[in-house]
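Only one structure is covered here, and it is reproduced in the block below.
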2 protein chains.
Amino acid sequence: MDVIESSPVQGNNLDPWYDSYAGRTAGLAASEVRALFAVASRPEVVSLAGGMPFVSAIPEDLLAGSIQKVMAERGPVALQYGSGQGVPALREQILEVMALEGIRGSADDVVVTTGSQHALELFSKLFLDPGDVVIAEGPSYVTAMVIFNSYQADVDHVPLDEHGLIPGALREHIARLKAAGRRIKFLYTVPNFHNPAGVTLTWERRLEILEICKSEGILVLEDNPYGLLYFNERPPAAMRSIEEEGVVYLGTFSKTLAPGLRVGWALAPHAIREKLILANEAAVLSPSSFTQLIVSEYLNQADWRAQIDTFRGIYRERKEAMVAALQEHLPELSWTNPTGGFYVWVTLPEPLDSKAMLPRAVKELVAYTPGTAFYADENGRQNMRLSFCYPTPEQIKLGIRRLANVVTGELDLLDTFAGTGELSQLRLARGAFPPSDLR
Amino acid sequence: MDVIESSPVQGNNLDPWYDSYAGRTAGLAASEVRALFAVASRPEVVSLAGGMPFVSAIPEDLLAGSIQKVMAERGPVALQYGSGQGVPALREQILEVMALEGIRGSADDVVVTTGSQHALELFSKLFLDPGDVVIAEGPSYVTAMVIFNSYQADVDHVPLDEHGLIPGALREHIARLKAAGRRIKFLYTVPNFHNPAGVTLTWERRLEILEICKSEGILVLEDNPYGLLYFNERPPAAMRSIEEEGVVYLGTFSKTLAPGLRVGWALAPHAIREKLILANEAAVLSPSSFTQLIVSEYLNQADWRAQIDTFRGIYRERKEAMVAALQEHLPELSWTNPTGGFYVWVTLPEPLDSKAMLPRAVKELVAYTPGTAFYADENGRQNMRLSFCYPTPEQIKLGIRRLANVVTGELDLLDTFAGTGELSQLRLARGAFPPSDLR
């Protein structure tokens, strides 16, 4: 007990096993986005925070036929362990899905995973030693960074603009990291409808970034959950369509069908693919045969392309509602204007702090994700991620009106206290004690 | 390419990323059991190798009603992301399942995982640093050891006998390891119907082992997939029923319902539970809501205890068929006589080598798992694991007859070569070149 009581315990001084955890466990902290799920679930709050797809748009009967057929015709296979690589027929169908983004590959190089999140975890387990560096956009997907940190790697953020990751900045960062003797393991990138930034990498930049990574010997981890959810024009073809040996590609059915099934995949060069299978077997023996067969049967018998079109229409309408409401109620802010996906990235006027402002927003019954969640460093206080995927256009309008009240209120407050010196103290106190349901 | 070509590449000299893998990836090798799945799937082979439950014993309609109800009444929840801890109602029901083995706990301390294999993976990620030691029975569950190795921990085998892990030996091993300055992280144990040894830890030994671990400050990881599959008498109550703070308990629906759903769980002390949730969220965001709700509804509406009774009857009959066939055809061997579960552990007469004999067995159309798969060291050549869970009693009898031919043939061969000096060479060559489908 002596050791335990003198340890730098964080929030838990009653853990007799505190001293037994692996070094990596210190890096495994609750994310800010996680804490927000609790808030988002209260019905009176308009949540622009979560990234839940609008699965209610799936007709009740759409999956029922597939499920019945699987149980009637392939029950014993669906209920049994399967292979660590995934169901062969589904891997063939995944090739069809990826072909829509210009990718040609072999079903042999596809590994089915428990959502593409698990592919990200398995890949990180295979590649990351403590002290390694992962290059990622700044901002970047929060739960990817949680994984990288859990393997004790550092995230180096390369800035993006409205055309995506900036190649010149990437070059500079690589040079600086190499000069410092750091070991760069891979570039993690979300080229289409970026989470959280909402921007899409241009074709020219895809070519340039692949060229840079190839010449520097850096593997590219291309995470593409939103590529098929474009509003009007398709995004450029996937980076994996240009380069095979240097890209590991991640895809998922979570956004084009349903996340509750937990079916995603990786497409990887042979040797990496083989190790992903071994890691998958160690982690879960095999991904669920049941949900894999259901997705496979769904792709067989349903008009899945039409269902994706339905989703695209819904998300386009919601994005337009959000941007219109921002223009109407918050013209003093700036934001990205995504051409697909789930997210708008908002920049607040200079003195505002999205993290400090959040408790007030929740009091006004609107939630968002503060930009700080998407940076491994101290950046992002001037940003927030607004999700338009789940709330209806009406809820979005209401949410933005409420957000406008919050922003106006904060700006008034700042005006009042401006120059009095009490402002910074006030904000510090607020940041230190968010309401308990936000922790 | 220079680095790559001069590297100690194992079976893959065309991997441009060979030099980029994490240190832990070297420990992630294909298991012998994995290789056997390929063999087992050929219909002409009687496989006594795999550990697949006999899911065909599940009536076709048994799950259909639950699935329909979930989709009709809770579709949008089933298809959506859920919590990283798992569905609350299911966690309550898991308490009822565990109560059958004497466990009392709180649903708050249950974490639902993608099969209990994933609980094993997450727990290992939280606890294992390179060079740590995991104490396990010798022999032990193969894919647990794959995980421990993948986190660069060493497995220290403590022998078992027909009453399970030997407490005196455990004491000695702990003393020796501590004297050598090794860091013991936990005891991994399968107390009921051990995989692969088929033995069950007595009540007295459960108490003694918990006492030893408590006084030595060693956490116990109790893995109990087979506990409810006893043939006649219940096994002693779970170790977790005796000790709460020092035991992390793993359970699963893979053997009492169906592995294709991938629903298992951990019951852990508060602080560890909290970290398991974070690790689960990082790895898969949330386990499948869809399969969790189906299991929950099944537990609600089906007579699941009766279904477990059905499984128990089937496995009892198969075990009896296997033991009777061994008595009839292979009286020169010795074996454990399990009172539940899936496995019989066979010891071959002194000169025979189960690993070297395997290619011949497959040629004779019978497969088993060589004992070497279940040891982290060089032990097990004199053992084999025979599974009676999946083949019918008739197939089991046929398989044992074929196995008797193989054993007799090997013994004849040994007699022929005895004293000629050619024997060891012959066996070495055979060990080095198994047929390609066994690699």
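Proximity of a side-chain donor or acceptor of A/Q80 to a complementary backbone N or O of B/P53 within less than 3.5 Å is detected. When atom types are taken as modelled, the side chain of A/E245 and the backbone of B/P16 share no donor-acceptor pair closer than 3.5 angstrom.
Between chain B and the residues A/L120, A/I272, A/T291, the largest count of heavy-atom pairs under 4.5 Å involves A/I272. Between chain B and the options A/T114, A/I147, A/L28, the largest number of non-hydrogen pairs under 4.5 Å is found for A/L28. In terms of heavy-atom pairs under 4.5 angstrom with chain B, the leader among A/L293, A/T113, A/L128 is A/L128.
For a residue to count as touching a neighbouring chain, one of its non-hydrogen atoms must lie under 4.5 Å from one of that chain's; by this rule A/E121 touches chain B with the side chain only. Using a 4.5 Å cut-off between heavy atoms, B/I294 touches chain A through its side chain atoms alone. In this structure, chain A has no heavy atom under 4.5 Å from any part of B/S116. Heavy atoms closer than 4.5 Å to chain B are found in both the backbone and the side chain of A/A283. Heavy-atom distances place no part of A/F148 under 4.5 Å from chain B, backbone and side chain included. Within the 4.5 angstrom heavy-atom criterion, no atom of A/A144 approaches chain B. Using a 4.5 Å cut-off between heavy atoms, B/I58 touches chain A through its side chain atoms alone.
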| task | Evaluate the side-chain contact (heavy atoms from CB on, under 4.5 Å) criterion for residues B/K185 and A/W17: first the C-alpha distance (whole Å), next the side-chain angles of each, then the deciding distance (0.1 Å), finally the verdict. | result | CA-CA 10 Å; B/K185 277 297 172 69; A/W17 303 105; over 6 Å; no

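Take A/T25 and apply the side-chain contact (heavy atoms from CB on, under 4.5 Å) test, not counting sequence neighbours, and it matches A/Y21, A/A22, B/L126, B/K275. Residues satisfying the side-chain contact (heavy atoms from CB on, under 4.5 Å) test with B/S254, not counting sequence neighbours, are A/Y81, B/T252, B/P259, B/R262.
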Name the atoms and distances for all side-chain donor-acceptor pairs under 3.5 Å in residues 70-77 of chain A, with sequence neighbours left out.
none

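Applying a 4.5 Å heavy-atom cutoff, the residues of residues 61-69 of chain B that approach chain A are B/L63, B/I67, B/Q68.
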